[in-house]
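Here is the structure we will look at.
Indexing begins at 1, ligand by ligand and atom by atom, following the structure's order.
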Amino acid sequence: MEGQFEEKLLSSLRTEMKTGRYAPADIALVERAFVFAAEAHSGQKRMSGEPYIIHPVSTAYRLAHMRLDAETISGALLHDVCEDTHVSPKDIRKVLGERIAFLVEGITKLDQVRYRETERDAENLRKMFLAVAKDIRIVLIKLADRFHNMETLHYVAPEKRKRIAMETLEIYAPLAYRLGIGELKGQLEDLAFPYAYPQEHHWLMRHIKDTLEERRAYAARLIPKIQRELECEKLYPKNIHARAKHHYSLYRKLVMRNEDIRNIHDLIALRIIVGTVEECYRALGIIHKFWPPLPGRIKDYIATPKPNGYQSLHTTVFGPEKKITEIQIRTPSMHEEAENGIAAHWAYTELKNNPATAVVKGLPHAKNLAWVSQLREWQKEFQNPEDFLESLKIDFFKDRIFVFTPKGEVLDLPEGSTPIDFAYQIHSQVGDTAVGARVNGRMVTLSHELKNVDVVEILTQKNKKPSQGWLKFVKTASAKKKILSVLRQKK
Ligand code: MN
């Protein structure tokens with residue numbers, strides 16, 4: 001029975017990869033990873049009662065759909081084996097190689113990052129998340145992992161759901177947005193919304209139901225009209241579709257602007273996909289000829305992309321039947337990028353066929369992004385995709401390190417910080433009475449330089465006082481200040 005179920009899962013993944021024109025060797029690698037994962041998880045069940053392997057395969061499937069490389073897909077298949085089974089990174093290294101083991105280890109490490117509502121600000125956690133991940137592909141695996149966990153959240157114990165949903169809203173959705181994966185961001189938020197804010201969700205759903213249906217019907221009438229007007233001008237759109245606004249972002253908009261649902265005009269937006277940038281502007285002109293735009297509502301994100309690289313033309317018009325409607329116009333590659341974000345920059349097929357254009361394509365407009373210009377710099381140095389993927393390490397936060405308490409809480413410190421800086425960051429009492437430190441289980445001096453992802457434990461002794469000598473090596477201004485103030489008191 002289990003064998004049949006597994007065969008079905010593998011064959012769906014294989015089909016998706018064939019559709020994406022992956023090379024036979026890459027499909028073979030993913031199949032080996034599948035066999036390894038199925039073996040390791042054999043006998044385990046999800047909360048839903050289904051065989052566990054369905055979860056890693058769902059995660060891998062989504063990444064294959066985004067056309068990420070075979071290593072990432074394999075890493076996704078194995079992402080939970082070190083956590084949940086007897087398998088060690090060493091075993092993975094032996095069977096599937098160094099690079100897949102590296103991805104899996106990265107994910108396991110990332111799982112130490114815990115979110116608490118009362119804790120430090122979410123922005124810091126997001127940064128730390130990226131710094132700990134070391135490789136953007138690890139973050140992408142984590143996002144796909146979270147997506148499937150959110151889809152199946154109703155199987156999880158009720159008291160855990162809210163925390164997981166809040167974490168999704170605060171950490172994962174913004175990360176997806178930052179990486180330009182707008183579609184995933186919206187989906188994650190909508191999956192989390194009912195668990196994070198049940199009453200608000202209920203209220204919204206009750207209030208938009210009629211309006212939404214009426215708007216859908218209207219969009220269905222409008223699409224053929226637009227199609228006709230464009231074709232009359234010899235412009236043949238590749239696709240026109242209606243798109244409902246994501247619930248959570250709609251809710252935020254209502255709350256933040258204190259608006260009435262009837263005045264939200266983008267409940268359903270129409271999206272027109274045309275062949276070229278030039279056709280985008282032409283389509284906009286044609287639409288405005290028939291339906292005048294609302295003043296101040298034309299947005300040219302092609303000339304001025306959003307900071308995460310998003311491009312499109314947006315307009316809000318007085319449409320037929322005197323209804324106000326939002327319309328978005330973009331090219332297929334803008335659409336692809338809006339859906340897949342950073343992943344679109346090294347989509348598998350393009351990378352294999354032409355590594356240079358795969359990365360350069362779509363980049364010039366996104367020059368505002370630090371990571372994009374960094375990618376571009378790196379890309380210049382590498383002739384083949386292998387080396388390029390290898391180079392996708394995250395070091396945007398070069399000047400900060402992120403270290404853990406033995407309980408898994410996270411502190412961020414400037415590079416070159418010492419256990420004393422760490423101790424004062426926790427509490428001045430801990431700093432004042434520090435006598436020693438253990439880093440990753442080993443005793444170190446108090447002037448020892450901490451590294452990213454170290455686990456630091458401070459040993460204290462009652463009635464101890466800070467020493468003058470500490471001032472020579474502490475890095476943070478706050479620790480310095482506290483030490484000085486105690487030293488002054490002593491005098
Ligand atoms: Mn997982």
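Cation-pi geometry between Arg62 and Phe147 is met: under 6.0 angstrom from the ring centre, within 45 degrees of the axis. Stacking of Arg146 on the aromatic ring of Tyr172 is recorded, both the 6.0 Å distance cut-off and the 45° axial limit being met.
Within His55, the N, O or S atom at minimum distance from the Mn ion (ligand 1) carries the name NE2. The atom name of the N/O/S atom in Asp80 closest to the Mn ion (ligand 1) is OD2. Shortest distance from the Mn ion (ligand 1) to Asp145 is reached at OD1 (N/O/S atoms only).
At a cut-off of 2.8 Å, His148 does not coordinate the Mn ion (ligand 1) through any N, O or S atom.
Using cut-offs of 30° and 60° for the angle between ring planes, the Tyr310 and His314 rings count as perpendicular.
Here CD of Glu189 is found 10.5 Å from CE of Met150. Values are rounded to the nearest 0.5 Å.
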